[in-house]
Amino acid sequence: MNRREALKNTGIAAGAGVLMPSFLFLLQSCKNEPKLGWQPQFLNIEEAKMLTALIDVILPKTDTPGGLDVNVDKFLDKVFAEMYDESAQQAVRKDMAAFNANCVEKFGNTFDQLDDQQQVTILKAEEANGGQFNPGVWGTAVGEQGPISFYRSLKSMMLWAYLSSEEIGKHVLNYDPIPAAYIGCMPLAEVGNKWSL
């Protein structure tokens, strides 16, 4: 090996030694970054990641499909985009930013970046301080409704979207596409799952 080849190989080895840690850091940061597998209509990417993480914690996949399996995140984004007027959309953005700011204040990161225990801690606090919906009769709240937090309202929408989905309505809840006889007195043990509407 001549002197020129030796210098060339030494330079390549030194360059690789300098670049390799940076390259490995980039690979690791890409691996840990949560990916969003859909294109939001209304939400920006950070808001969509937060919503997706919230749904995955509140409605995880178990022996039944999770909220993400039935596209609750995409559905809510579509509701925000097509059903909310501009002032309601601005309120959603403001509330999402405040929710994430609370996560950053408590744990130094946005909700979708927190570990499982930190996410549970945030949601327990939200459950305790989010207010309660009044009981209702035929869809109408009884009494004067107190203030409800963004989290409580969003959770209610998630549950509505989940239970209204075709997959849950047909394959998890009882489903009878052509209702027949009215049974006025049936033992509760025979009712089984809740019924899909």
Side-chain angles (χ1 to χ4, degrees), residues 21-62 64-136 141 143-165 168:
S22 300
F23 181 69
L24 290 174
F25 174 76
L26 284 173
L27 284 178
Q28 183 180 12
S29 67
C30 289
K31 183 179 77 173
N32 292 338
E33 181 69 22
K35 301 284 187 233
L36 190 66
W38 55 284
Q39 183 60 45
Q41 288 183 10
F42 165 70
L43 301 172
N44 63 38
I45 297 300
E46 290 71 29
E47 292 164 344
K49 285 180 180 178
M50 186 199 91
L51 179 66
T52 298
L54 262 171
I55 291 168
D56 199 32
V57 173
I58 293 171
L59 296 167
K61 182 174 185 173
T62 57
T64 58
L68 299 180
D69 297 320
V70 297
N71 299 319
V72 169
D73 48 354
K74 297 175 191 174
F75 179 79
L76 292 183
D77 176 63
K78 191 172 180 72
V79 168
F80 297 146
E82 298 181 8
M83 304 295 292
Y84 279 33
D85 63 20
E86 189 175 340
S87 64
Q89 288 176 341
Q90 289 174 358
V92 167
R93 287 198 190 284
K94 180 181 169 190
D95 289 337
M96 286 186 136
F99 183 89
N100 257 338
N102 180 45
C103 295
V104 170
E105 181 185 331
K106 286 193 167 63
F107 295 110
N109 225 329
T110 57
F111 186 80
D112 60 293
Q113 296 289 329
L114 301 181
D115 65 38
D116 294 346
Q117 188 55 49
Q118 291 169 334
Q119 288 178 338
V120 168
T121 301
I122 290 287
L123 295 188
K124 280 183 177 178
E126 290 290 337
E127 284 288 338
N129 302 317
Q132 294 291 331
F133 285 107
N134 287 359
E144 186 175 340
Q145 178 62 59
I148 299 294
S149 71
F150 163 73
Y151 163 77
R152 177 78 65 210
S153 179
L154 184 61
K155 180 181 174 184
S156 175
M157 287 181 69
M158 288 178 197
L159 294 171
W160 163 68
Y162 181 76
L163 295 171
S164 300
S165 69
I168 300 305

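A quick note: this is a predicted structure, and the numbers were derived from the prediction, not measured. Position 1 is the first residue of the sequence; numbering continues from there.
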K.L.:
Verify the neighbour count for atom CG of D85: are there more than 12 heavy atoms of other residues, nucleotides or ligands below 6.0 Å?
P.N.:
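Result for CG/D85: enclosed.
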
K.L.:
Is it true that, when you exclude E86 itself, more than 12 heavy atoms of the residues, nucleotides or ligands shown sit nearer than 6.0 Å to its CD?
P.N.:
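No, not enclosed.
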
K.L.:
Rounded to the nearest 0.5 Å, what separation is found between the CG atom of N100 and the CG atom of N109?
P.N.:
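One gets 9.0 Å once the value is rounded to the nearest 0.5 Å.
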
K.L.:
How far does CG of D69 sit from CD1 of I168, to the nearest 0.5 angstrom?
P.N.:
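If we round to the nearest 0.5 Å, D69:CG and I168:CD1 are 8.0 Å apart.
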
K.L.:
Quick check for you: to the nearest 0.5 Å, what is the distance between E47 atom CD and D95 atom CG?
P.N.:
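One gets 11.0 Å once the value is rounded to the nearest 0.5 Å.
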
K.L.:
Report the residues that fulfil side-chain hydrogen bond (donor to acceptor under 3.5 Å, both in side chains) with E105, sequence neighbours left out, ordered by chain and then residue number.
P.N.:
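Testing E105 for side-chain hydrogen bond (donor to acceptor under 3.5 Å, both in side chains), a comparison that skips the adjacent residues, returns none.
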
K.L.:
Within the side chain of D73, is there an N or O that forms a donor-acceptor pair under 3.5 Å with the backbone of T52?
P.N.:
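Between the backbone of T52 and the side chain of D73 there is no qualifying donor-acceptor contact (under 3.5 Å).
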
K.L.:
Using every non-hydrogen atom in the two residues, find where M158 and L59 come nearest and quote the distance to one decimal.
P.N.:
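Taking every non-hydrogen atom into account, O-CD1, 3.9 Å.
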
K.L.:
Within this structure, what is the NZ-CD1 distance for the pair K155 and I58, rounded to the nearest 0.5 Å?
P.N.:
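Going from NZ on K155 over to CD1 on I58, the span is 6.0 Å.
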
K.L.:
Distance-only, no hydrogens or angles: does the S165 side chain make a donor-acceptor pair with backbone N or O of Y162 under 3.5 Å?
P.N.:
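Yes: the side chain of S165 pairs with the backbone of Y162.
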
K.L.:
What distance separates R93 CZ from Q89 CD, expressed to the nearest 0.5 Å?
P.N.:
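That separation rounds to 7.0 Å.
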
K.L.:
Quick check for you: to the nearest 0.5 Å, what is the distance between F80 atom CZ and L154 atom CG?
P.N.:
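Those atoms lie 5.5 Å apart.
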
